[in-house]
Amino acid sequence: MIKITLPDGSIREYEGVVVTGTQIAESIGAGLAKAALAVTVDGVQRDLSDPIKADAKVSIITVDSPEGLEIMRHTVAAQVLARAVKNLYPSAKLAIGPTIEDGFYYDVAFQEPISSDDLEKIEKEMRKIIETHASISKSINSKADTIAAFKERGEDYKVKIVEESEQKDGFQLYAQGDTGFVDLCRGPHVPTLKHIGAFKLTKLAGAYWRGDSNNEMLTRIYGTAWKNDKDLKEYLHRMEEAEKRDHRKIGKEMDLFHMQGEAPGQVFWHDGGWTIFKELEGYIRGKLRRHNYQEVNTPRLINKDLYIKSGHWGKFGENGIFTSNAYEHEHALKPMNCPCHVEIFKNDGKSYRDLPIRMSEFGNCFRQEARGALHGLMRVTSMTQDDAHIFCTVEQIEQEVILLNDLIAEIYAELGFESYFVRFSDRPDARVGSDEIWDAAENGLKKACEAAGVDVVMNPGEGAFYGPKLEYVLKDCIGREWQCGTIQLDFNQPNRLGAFYVDVDGEKKHPVMIHRALLGSLERFIGILIEHYAGHLPLWLAPTQIVVSGIVEDHNPHVEKAYKRLKDAGFRVKADLRNEKINYKIREHMHAKVAMVGVIGEKEAAEDTITIRRLGAEGQKTYKMDEFIAMCHEEVKTKALPLSHQKDKQAA
RNA sequence: GCUGUCGUAGCUCAGUGGUAGAGCACUCCCUUGGUAAGGGAGAGGCCGGGAGUUCAAUCCUCCUCGACAGCACCA
């Protein structure tokens, strides 16, 4: 007799010494039995066919739960895609095929390279396989048998995986009916191919075996899978919509910036984009003033000896740092501002009374990124960091980290980012400084995080070469993660570069250095901002805040008057005096994501009003000129979020 | 950097082994129209760069530069 406790707390009893998920599902109801994909037994996912030999808490997994969807996706990858590939390309060797957010992939070594045109062919084969409704069965095998099975099939990668596994026994092989196809898998899988929903292969890309660039590159086939066609369509539509928010596309539509081959990874800022840049910079300057920072500016081209001393050269060397020969010395285009700030710190004697010193710079840095890594504004070779270095004592670290975390949270909230997360990256393999120093730095940062109440996601081995760091991560339109703000603890550089202060006891001591960036790089942050708002920026950031236009040319004198008043009131305003219909102009300016179009017609001219059409709103609204100006001032001052990001949307 | 795809007018894109096409934008003319495209005409391209194959290359091959996706990298 086995007692099974179901999620609702009810207990069912089953005769015999074993029971399976299938039996449990059947005993509950025919509908559930049909829908069941797998079971959770005492918190562990198992196949429906797995014997349950003792009392347990069991829940039946269907495709309606996130777990069920993931199991189904996994089956699409490991059973359907893998088998389709083997059917079409018998010489292909299978590596791994996990699920990812919204889908799955499979890494395959093809003898002949395949192209994205082949995806259609593979998809067709997959549909054929699913049509067979084959049942999936599992066998449990010894290590030796498993290796033998894959050796026989020429699956070199599977052999490697099993050989190098720490697991001694109990390798699960999943087969499809009597097709001869087997795959190694942790499971569980859906019981039959009838349970596969809607799927689509999405893209093809290279990926290194085991994620190591020293290894050979395999072909990764990506796909997405959903419980039905409707969900699949919705997903594809969502992705399409998301891609429209791409900052490179919107940057063009709004005439913000461009990039070109003569300067890879560098930005030609147009007037509009540079307006955003300057506004953000000004906004951050305001924060710096209130938080008692000094602002400095340091050279771009610096004798590389400084970077040898600081440790940068050893870490990034010729591949990461641009160099130039000037005055018979090799110079580096500065990759980071920190050594320069240390030099300012060192320029006169410092006392413990001076600390903390918060030294900021909108520092223009250059980094020779791997070509394939460049990505619009998000990953550039020349960037402007809203950088600062806080020179302080060990005792001051905690307080400073709390202040910084609060400041970043405040800024992200004001800019309309409700969701971001923080990664804690600790010591990397390539680093400077002793383990004792690293222990101290990591513990210091951890303690400070706790004190500041920051929830962190650990990110082992990804710290800076000089110290551990917090990374404030934002996502772009299609969910890619980008590090923006950062707080890094550095016990190394001040020592290497010989920075001292005189402590209360008269002893010379090295200060601790906290590297920090709030937005990260202005370039990347603007990219994120554009995607976050799909170009519908808050009024204070909008490159063009108002375009004023008449209905007919006769109104142009009034339009120019209104234009002048708005301009004198301090707004970024343009007058559209062209001989075009108002529909045409509205359309054009809305496409260019102008925040507001103000229309002056006969009525408005007579009554000293302006009729406003807002970006993202349906209708229009007429205001007294004075009221309109006051309203805009208020909106800029309060940094109000645009309509699309306000809870109660209203027209104008 | 690696794998794959791509590069044609200012933009978005079609196309062919015999030196090229559309829509939008631009210029001019007509139109004076109340909230997402009024009509007409015109101008505009070394088909990313270099080499090769060919009687002939935008098209085929190789190299190179750049872009896109993913991987790796990421101070």
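Letters go in sequence order (proteins before strands), and every chain restarts at 1.
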In the structure shown, which nucleotide is the Watson-Crick or G-U wobble counterpart of [N], with both distances under 3.5 Å?
| N | value |
| --- | --- |
| B:C46 | none |
| B:A69 | B:U3 |
| B:C74 | none |
| B:G34 | none |
| B:C24 | B:G10 |
| B:A51 | B:U61 |

Does [X] reach a base, just sugar-phosphate, or nothing at all? Heavy atoms under 4.0 Å.
| X | answer |
| --- | --- |
| A:I582 | sugar-phosphate |
| A:K581 | base |
| A:G320 | base |
| A:R524 | nothing |
| A:T611 | base |
| A:Y222 | sugar-phosphate |
| A:R371 | base |
| A:E604 | base |
| A:K585 | nothing |
| A:Y208 | base |
| A:H375 | sugar-phosphate |

Of A:G601 and A:W482, the one whose closest nucleotide on RNA chain B sits nearer the 5' end is A:G601

Nearest-nucleotide check on RNA chain B, A:E588 vs A:V597; residue mapping nearer the 5' end is A:E588

If I pick the [atom1] atom on [M] and the same atom on [N], what distance separates them, to the nearest angstrom?
| N | M | atom1 | result |
| --- | --- | --- | --- |
| B:C29 | B:G15 | C1' | 33 Å |
| B:C46 | B:U35 | C1' | 45 Å |
| B:A37 | B:G7 | C1' | 30 Å |
| B:G42 | B:G21 | P | 14 Å |
| B:A67 | B:C28 | P | 37 Å |
| B:G45 | B:U12 | C1' | 16 Å |
| B:G66 | B:U53 | C1' | 26 Å |
| B:A57 | B:U8 | C1' | 14 Å |

Residues in residues 255-271 of chain A with a heavy atom under 4.0 Å of RNA chain B, by number, are A:G261, A:P264

Contact check, residues 379-392 of chain A vs RNA chain B, heavy-atom distance under 4.0 Å, returns A:R379

Are a donor atom and an acceptor atom from the side chains of A:E604 and A:T622 found within less than 3.5 Å of each other?
no

If we ignore angles and hydrogens, is there a donor and acceptor under 3.5 Å between the side chains of A:Y472 and A:N405?
yes

Q | Side-chain (A:H270) to main-chain (A:F268) donor-acceptor, under 3.5 angstrom | A | yes

Closer than 3.5 angstrom, by distance alone: can the side chain of A:R613 be matched with the main-chain N or O of A:V597 as a donor-acceptor pair?
no

* Asked: Can we call the ring centroids of A:F465 and A:F316 under 6.0 Å apart?
  -> yes

If you take the centroid of each ring, where Trp contributes its six-membered ring, are A:F345 and A:H389 closer together than 6.0 Å? no

Residues passing the side-chain hydrogen bond (donor to acceptor under 3.5 Å, both in side chains) test with A:K93, sequence neighbours excluded, are none

Sorted by chain and number, sequence neighbours left out, side-chain hydrogen bond (donor to acceptor under 3.5 Å, both in side chains) with A:Y420 holds for none

Do the charged groups of [X] and [Y] touch, with an N to O distance under 4.0 Å?
| X | Y | result |
| --- | --- | --- |
| A:R210 | A:D212 | no |
| A:E241 | A:R238 | no |
| A:E400 | A:R516 | no |

- Assess whether side chain to side chain contact (heavy atoms under 4.5 Å, CB included) is satisfied between A:F362 and A:D386, documenting all intermediate values. CA-CA 5 Å; A:F362 291 95; A:D386 62 335; 3.8 Å; yes

Min and max contacting nt of RNA chain B in 5' to 3' order, chain A heavy atoms within under 4.0 angstrom, are B:G1 to B:A75

Practice prompt. Examine A:R73 relative to A:F104 and say whether NZ or CZ is less than 6.0 Å from the centre of the six-membered ring and inside a 45° cone about the ring axis.
Written response: no

Sequence neighbours excluded, the answer for salt bridge (Lys or Arg N to Asp or Glu O under 4.0 Å) partners of A:E580 is none

